[in-house]
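Reviewing the structure listed below.
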Amino acid sequence: MHRWSKLFIPTLREAPADAEVASHQILLRAGYIRQLGAGIYSYLPLATRSLNKITAIVRTEMDRIGQEFFLPALHPREVWEESGRWTGMGENMFRLKDRKGADLCLGMTHEEIMTSIARNEIRSYKQLPQIWYQIQTKFRDEPRPKSGLLRVRQFTMKDSYSFDIDEAGLDESYNKHDAAYRAIFTRCGLEFVAVDADSGAMGGSQSQEFMVYTEAGEDWIASARDDAGNVVYAANIEKATSTLGPVTELEPTGDGMPELIYTPGKGAIADICEFLGMQPYNDIKCVAYMGQIPGPDGTVVEKPVIAFLRGDHQVNETKLAGAANCNELRTMQPEELQKYLSGPAGFLGPVGLTVLPVEALNVNRGFFPKGAGLDKLKGVSGELLAFIKDERASTVVVDLGLVNRKNLVAGANKLDYHFRNVTPGRDFQWTVAADIRNVTAGEPDPVTGLPLRLGKAVEIGHIFKLGYKYSQSMGSRFLDKNGKEQTPIMGSYGIGVERILTSAIEQSSAKVGKNDRGEFSYVLPRTIAPYEVVVTVTKQSDAALAEAGEKFAADLEAAGWDVLLDDRNDSAGVKFKDADLIGVPYRVTVGKRLVEGFVEVVDRLKGTTEEVAVAEVVNMLGALR
RNA sequence: CGGGGAGUGGCUCAGCCUGGUAGAGCACCUGGUUCGGGACCAGGGGGUCGGAGGUUCGAAUCCUCUCUCCCCGACCA
């Protein structure tokens with residue numbers, strides 16, 4: 001039992017002005033955390049208790065499938081050089097030097113460290129599979145920490161790594177994590193959805209994110225539920241697709257071949273549609289980018305990436321970057337539009353471009369040196385080299401929504417002119433055709449056709465089939481049954497521990513709303529609240545009440561409850577407000593009706609208050625658990 | 001990194017435009033009265049106004065530089 005009068009729970013009457021999102025205000029006001037710097041927080045006793053409960057749940061579920069480690073947070077440069085991520089991680093990695101001048105970094109993830117252990121110790125297929133996890137501090141120099149504990153530079157992560165003999169083994173490890181994660185988040189009282197996620201530049205084959213819908217989130221996800229409320233489809237916006245409805249094609253004009261038409265001042269899609277009396281889906285939208293990958297010594301290498309999609313669709317840059325085999329995209333400047341498309345914005349189109357063949361994407365990811373360096377390229381046929389030497393050669397990506405269409409209208413790469421009768425495949429070619437558009441709310445999901453719901457969400461976990469990237473590059477090998485050398489296949493899995501707490505608060509706050517003073521209000525699930533029940537003595541100076549409070553607290557503790565006894569010499573009002581503020585789900589109020597043999601039991605999760613006979617309190621609360 | 005905002009006692013803020021002895025509420029300490037939804041009275045402690053430089057007889061206030069924090073964007077296995 002803990003007595004509030006002896007504890008350090010510095011609640012605030014007013015929220016600090018810096019805090020905007022609900023969980024940030026609440027954590028500050030309730031005395032859970034204090035800020036030390038941007039994205040750096042001290043966890044006070046309440047937060048520590050809650051986070052300890054969360055990690056205990058994580059630990060018991062993870063111990064069912066794996067073994068716990070504790071790895072260093074301080075890493076020598078060399079191990080990151082081996083995987084190629086010393087440069088690959090860029091600015092997000094905290095770096096420092098030791099007294100000898102050797103480079104070190106603070107761990108933002110631990111693939112390299114775990115793989116180095118596996119490399120040194122795993123020799124035989126008999127030692128596989130392995131699932132290794134840890135709960136540890138991660139450091140990431142985020143460009144913009146924000147929203148309290150939601151996006152920080154130092155946080156706690158449960159990260160695990162699986163090593164398997166083959167893909168079937170990886171599937172199993174992955175599925176075990178999927179089940180463990182669902183158990184963990186359920187036990188933590190969260191309503192979550194598992195969504196298909198973008199595997200990114202990591203080259204993994206499958207990836208799922210566990211998301212909690214909340215306005216404070218930074219990711220967008222699309223999901224659909226059936227009538228029973230079951231999630232039938234869910235995906236990150238970077239991955240989500242939808243079924244396209246039928247469209248009415250325009251009738252061809254003239255000989256049916258592309259026809260140049262004068263469209264003065266009709267650069268915007270809405271304008272050209274009105275001008276020609278057609279729908280936006282009859283138009284081809286062009287978005288021109290420069291694709292980027294990191295070059296040597298922190299430089300950036302660029303190539304033109306030109307995307308075409310339906311006039312009523314929006315480009316998704318993550319999908320596009322994946323399709324174009326580059327890391328990042330920036331929009332072209334006017335002089336670049338002139339160079340690669342020879343037209344001005346508003347009148348750009350696919351006809352007449354120099355299109356890089358798809359094979360080129362496999363050579364240096366489609367990024368080529370200029371001038372003399374070209375002749376040193378290996379494995380490039382003469383035909384391909386001719387394309388590459390054309391400085392205008394661009395990676396052209398066409399959205400799947402345009403394939404098999406006909407008689408479309410597109411910019412003619414000439415000011416105030418468009419083409420009509422443009423038919424993809426006949427009148428222009430592309431490097432790749434891919435899904436590069438954003439889905440929009442209400443479109444039918446690709447599985448069952450139910451309307452998609454779009455919403456913001458916080459990512460609380462991520463499971464990811466890594467493949468051979470780290471085991472290969474870092475030289476981890478084992479001998480299989482036949483004595484043949486093999487590379488273990490890996491998976492990587494993460495849970496943001498603090499995000500479980502913050503998203504639980506956000507989720508509850510969204511339901512509970514604000515209190516009578518206009519402040520964010522919430523209740524924590526019993527499993528992760530810093531205390532499960534608070535015994536509030538309304539008048540501590542009344543010896544009978546104080547004594548009864550002690551007894552209730554002791555009895556509840558004996559019954560297995562995590563009890564906080566509010567024995568402070570404050571008014572009842574202050575105690576009620578504070579009890580609400582720290583988010584404890586159950587309260588036993590020992591007050592004026594004690595003389596009649598009753599106390600009050602408040603279930604804040606259900607929002608109910610009951611007068612309960614003194615002898616029944618422990619049983620009654622026991623039934624609630 | 002681009003755009004916007006803010007730094008004055010522990011917290012929320014006023015004062016700045018128009019330079020002239022640093023304020024309020026809450027919190028804190030002491031005493032008393034209260035005691036079921038953030039009580040009241042009396043007394044008291046606490047701030048070189050983010051930092052540096054400048055203008056001035058005089059700077060929280062005007063000027064220059066700088067640091068930090070927040071928000072939007074960019075960015076983000």
Side-chain angles (χ1 to χ4, degrees), chain A residues 10-21 24-25 28-29 31 34-41 80 83-85 88-93 107-112 138 140-148 150-153 157 159 161 197-204 207 209 216 218-219 238 292 300 317-318 321-322 327-331 459 462-467 469-470 490-494 496 515-517 519 521 536-542 545-546 566 568-581 587 589-594 598-600 602 609 611:
Chain A
T11 57
L12 265 29
R13 194 174 279 233
E14 287 167 288
D18 282 351
E20 288 207 351
V21 301
H24 190 196
Q25 286 196 12
L28 248 14
R29 285 223 304 130
R34 289 294 181 262
Q35 181 171 23
L36 186 61
I40 310 175
Y41 288 86
W80 285 85
S83 68
R85 291 208 289 184
M89 279 302 188
E91 299 273 279
N92 257 28
M93 182 184 262
M108 40 197 302
T109 175
H110 283 74
E111 278 85 2
E112 279 80 358
K138 297 285 187 280
R140 297 184 184 183
D141 195 0
E142 293 287 342
R144 183 149 104 81
K146 56 185 257 197
S147 307
L150 273 173
R151 186 163 210 82
V152 290
R153 298 197 289 174
M157 181 185 244
D159 48 320
Y161 308 89
D198 178 54
S199 324
M202 302 300 299
S207 159
E209 289 166 342
E218 297 179 279
D219 287 294
E238 295 168 352
Q292 304 176 318
V300 171
E317 294 188 4
T318 304
N327 288 18
E328 290 169 34
L329 297 163
R330 67 167 177 84
T331 50
E459 179 184 346
H462 196 170
I463 58 178
F464 191 72
K465 290 184 182 173
L466 271 181
K469 180 179 163 76
Y470 298 94
M490 292 177 60
S492 154
Y493 318 87
N515 66 11
D516 52 358
R517 300 163 62 94
E519 300 156 344
S521 190
T536 302
V537 177
T538 59
K539 190 174 180 182
Q540 187 65 25
S541 57
D542 182 326
L545 292 183
D566 193 348
R568 294 174 297 169
N569 269 318
D570 280 298
S571 70
V574 170
K575 293 183 171 193
F576 294 149
K577 292 284 187 197
D578 272 351
D580 290 350
L581 186 53
R587 189 178 81 216
T589 306
V590 182
K592 56 194 175 191
R593 290 205 66 200
L594 182 73
F598 290 96
V599 295
E600 194 175 84
V602 179
T609 300
E611 297 286 329

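Below, all heavy atoms of this structure are taken into account, side chains as well, without hydrogens, waters or symmetry copies. Labels below follow one simple rule: chain letters A, B, ... track the order of the sequence lines, proteins then strands, and each chain is numbered from 1.
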Would you check if there is a donor-acceptor pair between the side chains of A/His110 and A/Lys138 at a distance under 3.5 Å?
yes
Would you tabulate the nitrogen or oxygen pairs shorter than 3.5 Å linking the protein to nucleotides 67-71 of chain B?
unit_1	atom_1	unit_2	atom_2	d
B/C69	OP1	A/Ala38	N	3.0
B/C69	O3'	A/Gln35	NE2	3.3
B/C69	O2'	A/Asp18	OD2	2.9
B/C70	OP1	A/Gln35	NE2	3.0
B/C71	OP1	A/Ser147	N	3.2

Smallest separation among heavy atoms of A/Gly31 and A/Arg34, with atom names:
CA-NH1, 4.0 Å
How far apart are the C-alpha atoms of A/Arg153 and A/Asp141, what are their side-chain angles, what is the distance that settles it, and do they pass the side-chain contact (heavy atoms from CB on, under 4.5 Å) test?
CA-CA 5 Å; A/Arg153 298 197 289 174; A/Asp141 195 0; 3.3 Å; yes
May I ask you to say what A/Arg330 touches in the nucleic acid, namely base, sugar-phosphate or nothing, with a heavy-atom cut-off under 4.0 Å?
nothing
Within the modelled atom types, does a donor on one side and an acceptor on the other bring the side chain of A/Arg13 and the base of B/G37 under 3.5 Å apart?
no
Return the pairing partner of B/A77 with a 3.5 Å limit on both distances, Watson-Crick or G-U wobble; otherwise return none.
none
Taking only the C1' atom of each, what is the distance from B/C63 to B/U56 in whole angstrom?
12 Å
Taking all non-hydrogen atoms of both residues, which atom of A/Gly494 and which atom of A/Met157 are closest, and how far apart?
CA-CE, 4.3 Å
Taking atom P in both B/U55 and B/U61, compute the distance separating them and give it to the nearest angstrom.
15 Å
Evaluate the side-chain contact (heavy atoms from CB on, under 4.5 Å) criterion for residues A/Thr109 and A/Arg140: first the C-alpha distance (whole Å), next the side-chain angles of each, then the deciding distance (0.1 Å), finally the verdict.
CA-CA 9 Å; A/Thr109 175; A/Arg140 297 184 184 183; 4.1 Å; yes
Hey, is A/Asp516 close enough to A/Lys577 for a salt bridge, meaning N to O under 4.0 Å?
yes
Taken to the nearest whole Å, CG/A/Asp542 to P/B/G36 is 10 Å
Taking the same atom, P, in B/G73 and in B/A27, what whole-Å distance lies between them?
37 Å
Starting at CG of A/Asn569 and ending at P of B/G32, how long is that distance when rounded to a whole Å?
13 Å
Taking a pair to mean Watson-Crick or G-U wobble geometry with both distances below 3.5 Å, B/A42 pairs with B/U30
Integer angstrom distance from the C1' of B/G23 to that of B/G32:
28 Å
For atom NE2 of A/His110 and atom C1' of B/A77, their distance in whole Å
14 Å
Scan A/Arg587, A/Arg13, A/Arg29, A/Arg568 and name whichever one has a salt bridge (Lys or Arg N to Asp or Glu O under 4.0 Å) with A/Asp578.
A/Arg568
Between A/Asp159 and A/Gly591, the residue closer to the 5' end of RNA chain B by nearest nucleotide is A/Gly591
Can you tell me how far C1' in B/C49 sits from the matching atom in B/G44, rounded to whole Å?
23 Å
Test salt bridge (Lys or Arg N to Asp or Glu O under 4.0 Å) on A/Glu111 and A/Arg85 and set out the steps.
CA-CA 11 Å; A/Glu111 278 85 2; A/Arg85 291 208 289 184; 2.9 Å; yes
Starting the side chain at C-beta, find the nucleotide from B/C76, B/G38, B/G36 nearest to A/Arg151.
B/C76
Scanning all shown strands, the Watson-Crick or wobble mate of B/G58 with both distances under 3.5 Å is none
Name the pairing partner of B/C13, where a pair is Watson-Crick or G-U wobble with both distances under 3.5 Å, or state none.
B/G23
Has the side chain of A/Arg29 got a donor or acceptor that lies under 3.5 Å from a partner of the other kind on the base of B/G38?
yes
Heavy atoms only, 4.0 Å cut-off, all strands: where does A/Pro143 land among base, sugar-phosphate and nothing?
base
For atom P, what is the distance between B/G15 and B/C57, given to the nearest Å?
28 Å
Can you tell which of B/G38, B/G36, B/A77 lies closest to the side chain of A/Leu581?
B/G38
Length of the CZ-P vector between A/Arg517 and B/C11, whole Å
19 Å
Whole-Å distance separating the CD atom of A/Glu328 from the P atom of B/C1
16 Å
Between B/C72 and B/U64, how far is it from one C1' atom to the other, in whole Å?
28 Å
I'd like to know if A/Asp580 reaches the base of B/G37 with its side chain, counting only an N/O donor and acceptor under 3.5 Å.
yes
Whether A/Thr538 contacts B/C35 is assessed here as follows: a side-chain N or O lying under 4.0 Å from the phosphate OP1 or OP2. Is that the case?
no
Stepwise, does the side-chain contact (heavy atoms from CB on, under 4.5 Å) test hold for A/Arg593 with A/Glu600?
CA-CA 8 Å; A/Arg593 290 205 66 200; A/Glu600 194 175 84; over 6 Å; no
Both distances under 3.5 Å, Watson-Crick or G-U wobble: report the partner of B/A6, or none.
B/U68
Mind calculating the distance between CG (A/Asp578) and C1' (B/A39) to the nearest angstrom?
15 Å
Residue from A/Thr538, A/Thr589, A/Val537 passing side-chain contact (heavy atoms from CB on, under 4.5 Å) with A/Lys575
A/Val537
Would you mind telling me which residue lines up with the more 5' stretch of RNA chain B, A/Ala15 or A/Lys577, judged by nearest nucleotide?
A/Ala15
Distance in angstrom units between A/Lys575 NZ and B/C35 P, rounded:
14 Å
B/G53: pairing nucleotide in any strand, Watson-Crick or G-U under 3.5 angstrom
B/C63
Ignoring hydrogens and angles, answer whether the base of B/G38 and the side-chain atoms of A/Asp570 contain a donor-acceptor pair closer than 3.5 Å.
no
Considering only atom P, compute the distance from B/G53 to B/G7 and round it to an integer number of Å.
22 Å
Rounded off to whole Å, could you give me the CD-to-P distance for the A/Glu91 and B/C75 pair?
15 Å
